[in-house]
Amino acid sequence: MVQEHENIVGLDAAILMSPKVWEASGHLEAFSDPLVECKKCHHRFRADHVEGTVCPDCGGELTEAKQFNLMVETYLGVVEGEKLKTYLRGEITQGVHVNFKQVVDSTRVKIPFGIAQVGKAFRNEITPSGFTFRSREFEQMELQFYITPSEEEGNKWIEYWKAKRKRWYMDLGMHEDHLRFREHAPDERAHYARAAYDVEFRVPGEGDGWKEMEGIHNRGDWDVGRHAKFSGKDLTYFDEEKKERFIPWVIETSGGVDRATLFFLMDAYVEEEIPSKSKIEGEENNEKETRIVLKLHPKLAPYKAAVFPLLANKPDLVEKAQIIRGELAKQWMIAFDARGNIGKRYRAQDEIGTPFCITVDFDSLKDDMVTVRDRDTMEQERIKISELKNYLAERLK
Ligand code: GAP
C-alpha cells in the first residue's frame with residue numbers, strides 16, 4: 001500500500017492525543033453501540049447481537065437499549081486532582097487527519113494522495129468474542145486517501161480502492177469465492193460516513209456466514225473539516241493547477257490486522273486424506289490418514305523453510321544442517337528441527353504452514369545436495385546446496 005504507490009506515504013501517529021481530537025472527530029458523542037442488560041442475571045449484550053427481548057443466558061427480561069460509548073478513558077498529568085482525562089485511540093484514523101497539514105507541508109504529495117498507517121486501536125467492546133475477531137485491543141491497517149471534493153470523485157475512488165483491496169487479499173492467497181462486498185444501509189453507517197462498504201469473509205464450518213473484515217468508507221470532508229473548526233487552524237488544501245482552495249474528501253480503507261489474520265488462517269486450513277505414510281517414508285500401503293496443512297501464502301508463512309538433519313544423533317548431519325539454516329536465516333525466517341522422525345517433523349511444519357522442508361542426509365555429506373519437500377504437493381526434489389537460495393527466492397515470491 002505504501003512502497004508500491006508513488007502517491008502514498010506512511011505515518012506512525014500518536015496513540016494518546018488531546019481529548020479535543022475526539023470531541024472534534026465526533027467519537028465522544030457518537031462512537032457507541034446499543035447496550036441491553038438482563039434484569040435478572042445482569043449480563044450485558046449488544047442489542048444488535050440478541051434476537052428478541054429475552055436474555056440469551058437465563059431467559060430474563062432485557063432492559064431498553066441505551067447507547068454505550070466505546071472509547072477507553074485514561075488520565076495524563078502528574079498532579080493528583082489536576083489530571084487530564086483523555087482517551088486511547090478508538091480508531092487509528094484521527095492521528096492521520098490531525099497530521100494532514102503536516103504531511104502536505106513536509107512531503108511532495110499532491111491530491112489525490114494517501115497516508116497509510118498500521119497500529120493499535122482500543123475499544124471498550126461490550127462483548128469481545130470470536131478469538132481475535134472482536135477484542136478490546138486490536139491492530140488496524142488503514143489508508144486515508146485525500147481527494148477533490150465531489151460525489152463523482154468520491155464514487156470513482158471508492159470503486160478503485162474496493163477493487164485494489166480485494167486484489168490485496170487475493171494476492172495473499174485468499175480465495176475469491178470467500179470474499180464479497182456488502183454496502184451499508186444509510187442508517188447503519190458510522191457518523192462520519194457518506195457511503196460505506198464492508199469487505200466480508202465467508203467463515204467456513206460451524207457459524208458459517210459472512211463477517212466483516214475491512215471497511216471502505218467515503219468520509220467526505222468530515223474529519224479535516226471538524227479538526228479545522230475545533231483547532232481554529234486553516235486546514236484547507238490549495239490546488240495549484242485549478243487555483244482552488246478546499247477541504248479534501250477522504251476515502252478510507254480500514255482493515256483489522258488481527259481479524260484478517262484469523263481469516264487468513266481459516267482460509268488456509270485444510271484437512272486432506274492421504275495414503276498413510278506412503279509419501280513421507282516411502283512405504284506403500286492402502287491405509288489413509290488425515291493430513292492437517294495450513295496452505296498459507298508463502299509471504300504470510302511465519303517460517304519460509306525448515307531444515308532437518310535426517311538423524312539427530314549424527315554430528316556430521318546436524319552440523320551441516322545448522323550451517324545451511326544459518327546461511328538461509330540471513331534472508332528468511334528458517335526453522336530447525338531434529339526431534340522425532342522425518343514424518344513427524346513434516347507434519348509439524350505442515351500445520352504451521354512452512355512452505356518447504358529441507359533434509360540433510362548421508363548422501364548430502366558426499367554430494368552437497370539436499371532433499372527439498374514441497375508443503376502442498378509433498379513432492380521431493382534433490383537440490384544442490386549452492387542453489388538453495390535461488391530455489392527458495394524463486395518459489396517464495
Ligand atoms: N477508521 C474506520 C474504522 O475504524 P471500523 O469499521 O470501526 O472502521 C475497521 O473498523 C476494521 O477494524 C473492522 O473492519 C475490523 O476488521 C477491525 N475492528 C474493528 N473493531 C475491532 C475489534 N473490536 N476487534 C478486532 N478488530 C476490530
Side-chain angles (χ1 to χ4, degrees), residues 1 11 13 15 17 21-22 24-27 30-35 46 48-49 68-72 87-100 114-146 158 161-162 165-166 168-169 172 174 178-185 188-203 210-220 222-224 226-227 249-267:
M1 293 292 283
L11 180 74
I15 289 177
M17 295 185 284
V21 169
W22 301 106
S25 70
H27 281 74
F31 193 54
S32 54
D33 278 337
L35 174 131
R46 249 174 75 169
D48 53 334
H49 287 175
F68 175 80
N69 192 283
L70 300 177
M71 295 298 286
V72 176
Y87 304 88
L88 302 185
R89 60 185 180 192
E91 58 172 7
I92 61 170
T93 325
Q94 297 308 322
V96 170
H97 294 311
V98 297
N99 277 294
F100 162 73
I115 305 177
Q117 180 174 221
V118 181
K120 281 281 166 85
F122 305 83
R123 296 182 188 176
N124 198 2
E125 294 284 357
I126 298 168
T127 45
S129 56
F131 191 34
T132 56
F133 179 77
R134 184 177 297 105
S135 45
R136 289 186 170 134
E137 172 184 338
F138 55 97
E139 187 100 352
Q140 290 189 309
M141 47 181 174
E142 288 194 344
L143 167 70
Q144 304 298 320
F145 195 72
Y146 297 90
I158 214 160
W161 285 110
K162 274 168 65 188
R165 293 304 299 155
K166 184 175 173 197
W168 190 86
Y169 288 105
L172 289 171
M174 234 177 229
H178 292 172
L179 292 170
R180 74 170 189 193
F181 293 107
R182 188 181 72 82
E183 186 171 6
H184 284 208
E188 202 191 337
R189 288 179 206 148
H191 61 275
Y192 47 74
R194 299 175 70 97
Y197 295 84
D198 286 342
V199 184
E200 292 188 327
F201 174 79
R202 187 160 176 253
V203 174
W210 292 93
K211 300 274 187 203
E212 173 186 343
M213 179 162 67
E214 168 161 334
I216 300 178
H217 309 126
N218 179 345
R219 299 180 71 116
W222 170 263
D223 303 280
V224 182
R226 292 273 292 194
H227 289 305
W249 280 18
V250 170
I251 304 299
E252 94 170 335
T253 71
S254 176
V257 178
D258 319 70
R259 204 176 273 190
T261 302
L262 180 64
F263 292 158
F264 275 119
L265 292 174
M266 287 180 172
D267 197 62

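Given the structure is predicted, the values throughout are model-derived calculations rather than measurements. Start at 1 and go down the list; that is how both ligands and their atoms are numbered.
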Requested in this report: Just need the protein heavy atom nearest to atom 16 (O) of ligand 1, so name the residue and atom and give the distance.
Outcome: Met213 O, 2.8 Å
**Report entry** Under 3.5 Å side-chain donor-acceptor pair for Gln117 and Glu142
**Finding:** no
Requested in this report: Using the six-membered ring wherever Trp is involved, compare the ring planes of Tyr146 and His97 and label them parallel, tilted or perpendicular (cut-offs 30° and 60°).
Outcome: perpendicular
Query - Residue portion contacting ligand 1 (non-hydrogen atoms closer than 4.0 Å) for Arg89 - result: neither
Query - Contacts of Arg259 that satisfy side chain to side chain donor-acceptor pair (under 3.5 Å) - sequence neighbours left out - result: none
Requested in this report: Could you find the nearest protein heavy atom to atom 17 (C) of ligand 1 and give me its residue, atom name and distance?
Outcome: Gly256 CA, 3.7 Å
Report task. Starting at CG of Asp223, measure out to CD of Glu252 and round the result to the nearest 0.5 Å. Result -> 7.5 Å
**Report entry** side chain to side chain contact (heavy atoms under 4.5 Å, CB included) evaluation trace for Leu88 with Glu137
**Finding:** CA-CA 10 Å; Leu88 302 185; Glu137 172 184 338; over 6 Å; no
Query raised in the report: Pick from Gln140, Lys162, Arg165: which one makes a side-chain hydrogen bond (donor to acceptor under 3.5 Å, both in side chains) with Glu214?
Result: Arg165
Query - Distance in Å, His184 NE2 paired with Arg189 CZ, rounded so as to fall on 0.5 Å steps - result: 9.5 Å
Requested in this report: Look at atom 3 (C) of ligand 1 and say which protein heavy atom is nearest, naming residue and atom and giving the distance to 0.1 Å.
Outcome: Ser254 OG, 3.4 Å
Query raised in the report: When only distance counts, is His217 in polar contact with ligand 1, meaning an N/O pair under 3.5 Å?
Result: no
Requested in this report: Quick one: pull up CZ in Phe181 and CD1 in Ile216 and give me the separation to the nearest 0.5 Å.
Outcome: 5.0 Å
Query raised in the report: Is it true that Arg219 lies under 4.0 Å from ligand 1, counting heavy atoms only?
Result: yes
Report summary line: One finds that the ligand 1 atoms under 4.0 Å from a non-hydrogen atom of Gly215 are 14 (O)
Query raised in the report: Between Ser135 and ligand 1, does any nitrogen or oxygen pair lie at a separation below 3.5 Å?
Result: yes
Requested in this report: Take the angle between the ring planes of Phe263 and Phe201 and call it parallel below 30°, perpendicular above 60°, tilted in between.
Outcome: parallel
Query raised in the report: Evaluating non-hydrogen atoms only, which member of Glu142, Arg123, Arg259 is closest to atom 7 (O) of ligand 1?
Result: Arg123
Report summary line: Under 4.0 Å between heavy atoms, the region of Tyr192 that gets near ligand 1 turns out to be side chain
Query raised in the report: Relative to atom 18 (N) of ligand 1, which among Phe131, Phe138, Phe263, Phe133 owns the nearest non-hydrogen atom?
Result: Phe138
Query raised in the report: At what distance, to the nearest 0.5 angstrom, does CG of Leu11 lie from CD1 of Ile115?
Result: 6.0 Å
Query raised in the report: Just heavy atoms, cut-off under 4.0 Å: does Arg136 contact ligand 1 by side chain, backbone, both, or neither?
Result: neither
Report task. Among all protein heavy atoms, pick the one closest to atom 2 (C) of ligand 1 and tell me residue, atom and distance. Result -> Glu252 OE2, 2.8 Å
Query raised in the report: So how far is it from Tyr87 OH to Arg123 CZ, rounded to the nearest 0.5 Å?
Result: 16.0 Å
Query raised in the report: Based purely on interatomic distance, does Thr93 place a nitrogen or oxygen under 3.5 Å from a nitrogen or oxygen of ligand 1?
Result: yes
Query raised in the report: Quick one: nearest non-hydrogen protein atom to atom 12 (O) of ligand 1, plus distance?
Result: Gln140 NE2, 3.3 Å
Report task. Below 4.0 angstrom from a heavy atom of Glu91, which ligand 1 atoms are there? Numbered from 1 as shown, please. Result -> 1 (N), 2 (C), 3 (C), 4 (O)
Requested in this report: Tell me which protein heavy atom sits closest to atom 6 (O) of ligand 1, plus the residue, atom name and distance to 0.1 Å.
Outcome: Glu212 OE2, 3.2 Å
Query raised in the report: Considering only heavy atoms, does Glu214 approach ligand 1 within less than 4.0 Å through its side chain, its backbone, both, or neither?
Result: backbone
